[in-house]
2 protein chains.
Amino acid sequence: MSVNEQDFLAAYDPHAYPAVAVTVDIVALTIRDGALHLLLIRRGEQPHAGLWALPGGFVRPDEDLVAAARRELAEETGLDGEPLRRVHVEQLASYGAPDRDPRMRIVSIAHLAFAPDLPDATAGTDADEAVWVPVAELTNRQLAFDHGQIVADGLERARAKLEYTPLATRFLAPEFTIGELRAVYETVWGHQLHAGNFHRKVLSVPGFVESTGASTERGGTRGGPRARLYRAGDARLLHPALLRPAREETVR
Amino acid sequence: MSVNEQDFLAAYDPHAYPAVAVTVDIVALTIRDGALHLLLIRRGEQPHAGLWALPGGFVRPDEDLVAAARRELAEETGLDGEPLRRVHVEQLASYGAPDRDPRMRIVSIAHLAFAPDLPDATAGTDADEAVWVPVAELTNRQLAFDHGQIVADGLERARAKLEYTPLATRFLAPEFTIGELRAVYETVWGHQLHAGNFHRKVLSVPGFVESTGASTERGGTRGGPRARLYRAGDARLLHPALLRPAREETVR
DNA sequence: CTAATAGTGTCTCTGAGACACTATTGT
DNA sequence: ACAATAGTGTCTCAGAGACACTATTAG
């Protein structure tokens, strides 16, 4: 069947085609208490009632895909205005296996979100239970539909993006210390990093961070000098990149 | 609106939701005569009649997304069997701006394909004109819908993927010389590479290529020794990566 | 022979990482 | 005083790139 022929038919009767629903799902990550957390929602209805699932929902008629993802995220977190604007949202991938939802054909455009530590905003506009769950606890839980795969893809993408983009700053407040930035990398990558080398490296990458001139009010909780404060720079890509350690055994 | 509520409604009447069509589009790249080419189709119908567009079409009811992309690619190129299997197809991104198609809401899952130099297989199952167009000539042509953006995204993804994956080999026959491999990189990146350094670098990356033991029958068309033949190795990722030169002015 | 290409040797410079060290703070 | 942390100095090693060079082939 040709594109033109299909387009022709479609123009005449959209419902002539098998119904396909388009949804967005969001893999929303944040860092709380030094651990990577994922926003999950407990399903109240069948199928998969009682299981945890990603927040998401149907794309509205005149809504862009990323806009739909941001709206769903706002509904589940209670975020709005500037705090919502500070959340980074990007497209992750699309999932459209014919049997991924037992009820009908649903193609989901998954999105990836990086948020700073948020108030416990668990209340959405609905009665669903929405919770930030430590990623480390996910290995035990079974997620609804193919959301386990989506989360795995999202985590891998997040880890990769920290290497060559400055998105780690999106997990932090507008002003942060190099130590806080390092904690983000250590949390997302699950590796300890060398403080001294990390410090020098971050400052050497053009446009990654820029100094505010100010320092923290106090030193660390257990002592130490007051750290200088930085904000995100204007770089979109880090060059050279911060490569993850222990890549010895890459996929063969 | 909650996920559960939506799911509930959807289960009862799929057509209760505004019709959204899901299509796949394919950015298919190959190298012919030392230049990067893109598979395009000339539209015969409105809208955008006469303009060039990406091959693609509607996803069928029980068809996976990548399967749909492969099917459309097969139809437009006439490929089948082993040659088709050798084409690399991966998901690129989804495009769903509400007004991207003037007729109705269409969400397209774009795919990226790397093919070896193919016979002029222009004949699809339909009367559309399908041609491999040099990418260099695209700057002049206007493409239908948002296909110009999709192509730009696909090209950038292709260039990036050559850095950290062995996918460059997918542009070549099963057995190839290091010089041919270098030509792929030079063509896709649009940069001359140093022959000697490239040679040593490729052989030093574990699992990138493996020797067949054989050599070419003849030297180059203008002289030179016969080159050794290699096939793709078992690596999925190149480590260390082959970084593009001239990344001085990255996006700020 | 001449020109072109395959493949290797070698040097330099950048950057990553290991390690050591000083300075500054909280307890 | 002591422990923890910020930030800097220095050394080593891997890898990218520039350049030179030899060997082999087509015309």
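Convention: sequence-line order gives letters A, B, ...; per-chain numbering from 1. Reckoned from all heavy atoms, side chains included, excluding hydrogens, waters and symmetry mates.
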Can you tell me if the side-chain N/O atoms of A/Arg218 get under 4.0 Å from OP1 or OP2 in D/dA4?
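No, A/Arg218 has no side-chain N/O under 4.0 Å of OP1/OP2 on D/dA4.
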Spacing between [X] atom [atom1] and [N] atom [atom2], to the nearest angstrom:
X        : N      : atom1 : atom2 : answer
B/Leu203 : C/dG9  : CG    : C1'   : 15 Å
B/Arg244 : D/dG17 : CZ    : P     : 13 Å
A/Leu243 : C/dG17 : CG    : C1'   : 12 Å
B/His194 : C/dC11 : NE2   : C1'   : 13 Å
A/His239 : C/dT14 : NE2   : P     : 13 Å
B/Glu217 : D/dT24 : CD    : P     : 18 Å

Give me, pair by pair, the N or O atoms of the protein and of nucleotides 3-7 of chain C that are less than 3.5 Å apart, along with how far apart they are.
unit_1: C/dA4; atom_1: O4'; unit_2: B/Arg222; atom_2: O; d: 3.3
unit_1: C/dA4; atom_1: N3; unit_2: B/Gly224; atom_2: N; d: 3.4
unit_1: C/dT5; atom_1: OP1; unit_2: B/Arg222; atom_2: NH2; d: 2.9
unit_1: C/dA6; atom_1: OP2; unit_2: B/Arg182; atom_2: NH2; d: 3.3
unit_1: C/dG7; atom_1: OP1; unit_2: B/Arg228; atom_2: N; d: 2.8

Taking salt bridge (Lys or Arg N to Asp or Glu O under 4.0 Å) as the definition, give me every residue that meets it alongside [X], ordered by chain and number, with sequence neighbours left out.
X        : answer
A/Arg70  : none
A/Asp153 : none
A/Lys161 : A/Glu90

So, using side-chain contact (heavy atoms from CB on, under 4.5 Å) as the criterion, who are the partners of B/Ala136 when residues are at least two apart?
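Applying side-chain contact (heavy atoms from CB on, under 4.5 Å) to B/Ala136 gives none.
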Going by the ring pair (Phe, Tyr, Trp, His ring centres under 6.0 Å) test, which pairs reach into residues 73-96 of chain B, not counting sequence neighbours?
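Sorted pair list: B/His88-B/Phe114.
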Distance-only criterion, 3.5 Å: show the donor-acceptor pairs between side-chain atoms of residues 224-231 of chain A and protein atoms not counting sequence neighbours.
unit_1: A/Arg231; atom_1: NE; unit_2: A/Glu210; atom_2: OE2; d: 3.0

Anything under 30° is parallel, anything over 60° is perpendicular, the rest tilted; go ahead and classify A/Trp189 against A/Tyr185.
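Aromatic pair A/Trp189/A/Tyr185 classed perpendicular.
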Sequence-distant partners of B/Trp52, ring pair (Phe, Tyr, Trp, His ring centres under 6.0 Å), two or more places apart:
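Partners of B/Trp52 by the ring pair (Phe, Tyr, Trp, His ring centres under 6.0 Å) criterion come out as none, since no residue qualifies.
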What does the list of N/O pairs under 3.5 Å between the protein and nucleotides 10-15 of chain D look like, with a distance for each?
unit_1: D/dT10; atom_1: O4; unit_2: A/Arg200; atom_2: NH2; d: 3.2

